[in-house]
Amino acid sequence: MAQNGPEFYDNDAVFTTYIARREKRDDSPNDTLEKPILDDLVGDLTGLNILDLGCGNAQFGREALQRGCRSYLGIDGSHNMIILAQETLAGTSGEVEKATIEAWSYPAHQFDLVISCLALHYVEDIRPVFTNVLQALVDKGRFIFSVEHPVITSCDRAWQMGGLRQHWIVDDYFETGPRLTHWMGGDVIKYHRTVEDYFMALRQAGFRVDEVRESKPRPALFTDESTYARRKRIPLMLFFSAYRPAAS
Ligand SMILES: C[S@@+](CC[C@H](N)C(=O)[O-])C[C@H]1O[C@@H](n2cnc3c(N)ncnc32)[C@H](O)[C@@H]1O
């Protein structure tokens, strides 16, 4: 049966596969494509109060605390992830709470930075979430997130054909909504939106958008040339950096 994001990561077989992929893969997309761009976008974290939506193992939180952020709070709907996140943050001031991104009670004017890495494509309606994030930020507070690129979420036929991602089929691009996909040994529902949908949802919530990025690979970050060549072909992730205007 198809599962939502948190249920999917609470499927123990899926969870084991996910952790193995994240931790033991050379030139993993997270290390080569996602982290370098997030590092560029977030910049100096000194003194910031940070909220992380869909925090997973909270590795971002551990690093942010090492880099001088004032506080870190991670939210995740998966029990497995919360246990892992608590282990990652042991001995630090970082905290995690088990809650969904949709239902969590967002406090007003608390955070300087809200981050969400590869979690919002599991959320059916991002508009109320973006409104909640806006009011949880201080003036000029930033909202930075990554999602699976809409080219990827549009259609998974190429993925189901197997093999490495040498080519990709983009189909039903403007038919937004749920996509049932078989991935990492489980069935999960992801939500496809266009690039424009993400941009407009940010604008309509009251954000100013200052950067859009697309996981362009950098050769120096790859140990394997053929992986670099492959990653130049298809965009895997999309990033937005937006901020709450003063006195909004
Ligand atoms: C691909 S993992 C990314 C984890 C982490 N952000 C990272 O980059 O390592 C997606 C995470 O989002 C969480 N998630 C998905 N949908 C969620 C929702 N609606 N509410 C809370 N957490 C959710 C999952 O449980 C999972 O931990």
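One-based numbering, in listed order, for ligands and for the atoms of each. Only this structure's heavy atoms are used, side chains among them; waters, hydrogens and symmetry mates stay out. Just so it is clear, the model here is predicted, and its values are computed rather than measured.
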Student: What residue and heavy atom of the protein are closest to atom 1 (C) of ligand 1, and at what distance?
Tutor: Tyr9 OH, 3.1 Å
Student: Please determine if Leu118 has a nitrogen or oxygen closer than 3.5 Å to a nitrogen or oxygen of ligand 1.
Tutor: no
Student: Just distances here: any N/O of Asp76 and N/O of ligand 1 closer than 3.5 Å?
Tutor: yes
Student: Closest non-hydrogen protein atom to atom 20 (N) of ligand 1, residue and atom name please, with distance?
Tutor: Ile101 N, 2.9 Å
Student: What atoms of ligand 1 come closer than 4.0 angstrom to any heavy atom of Ala99?
Tutor: 21 (C)
Student: Verify, without hydrogens or angle tests, whether Tyr228 (side chain) and Thr223 (backbone) share a donor-acceptor contact under 3.5 angstrom.
Tutor: no
Student: Do Asp10 and His79 pair up side chain to side chain, a donor and an acceptor below 3.5 Å, judged on atom types alone?
Tutor: no
Student: Decide yes or no for Val147 and Met237: does some side-chain heavy atom of the first lie under 4.5 Å from some side-chain heavy atom of the second?
Tutor: no
Student: Before signing off on this row, confirm whether Glu102 and ligand 1 have an N or O atom pair separated by under 3.5 Å.
Tutor: yes
Student: Counting only heavy atoms, tell me which of Gly74, Cys117, Ala119, Ser78 gets closest to atom 3 (C) of ligand 1.
Tutor: Cys117
Student: What do you reckon, is CD of Glu225 surrounded by more than 12 foreign heavy atoms closer than 6.0 Å?
Tutor: no
Student: When you measure from atom 9 (O) of ligand 1 to every protein heavy atom, which one gives the shortest distance, and what is it?
Tutor: Arg22 NH1, 2.8 Å
Student: For ligand 1 and Gly77, I'd like to know whether there is a polar contact (N/O to N/O, distance under 3.5 Å).
Tutor: yes
Student: Using a strict cut-off of 4.0 Å, indicate which atoms of ligand 1 neighbour a heavy atom of Gly56.
Tutor: 4 (C), 5 (C), 27 (O)
Student: Do the rings of Trp183 and Phe8 sit parallel, tilted or perpendicular, given the 30° and 60° boundaries?
Tutor: parallel
Student: Could you tell me whether the side chain of Pro178 reaches within less than 4.5 Å of the side chain of Leu180, counting heavy atoms only?
Tutor: no
Student: With a 4.0 Å heavy-atom cut-off (strictly under), which part of Cys55 contacts ligand 1: side chain, backbone, both or neither?
Tutor: backbone
Student: Could you say whether the N/O atoms of Met81 and ligand 1 ever approach to under 3.5 Å?
Tutor: no
Student: Touching ligand 1 at all, Tyr18? Heavy atoms, strictly under 4.0 Å?
Tutor: yes
Student: In terms of the angle between their ring planes, are Tyr122 and Tyr9 parallel, tilted or perpendicular, with boundaries placed at 30° and 60°?
Tutor: perpendicular
Student: Closer than 4.0 angstrom, basic N to acidic O: yes or no for Asp171 and Arg157?
Tutor: yes
Student: Look at the aromatic rings of Phe130 and Phe143 and report parallel, tilted or perpendicular, splitting at 30° and 60°.
Tutor: perpendicular
Student: Quick one: does Thr131's side chain get under 4.5 Å of Leu134's, heavy atoms only?
Tutor: no
Student: Nearest to atom 6 (N) of ligand 1 by heavy atom, Gly54, Gly5, Gly61, Pro6: which?
Tutor: Gly54
Student: Distance to 0.1 Å, residue and atom name: give those for the protein heavy atom nearest to atom 16 (N) of ligand 1.
Tutor: Tyr122 CB, 3.4 Å
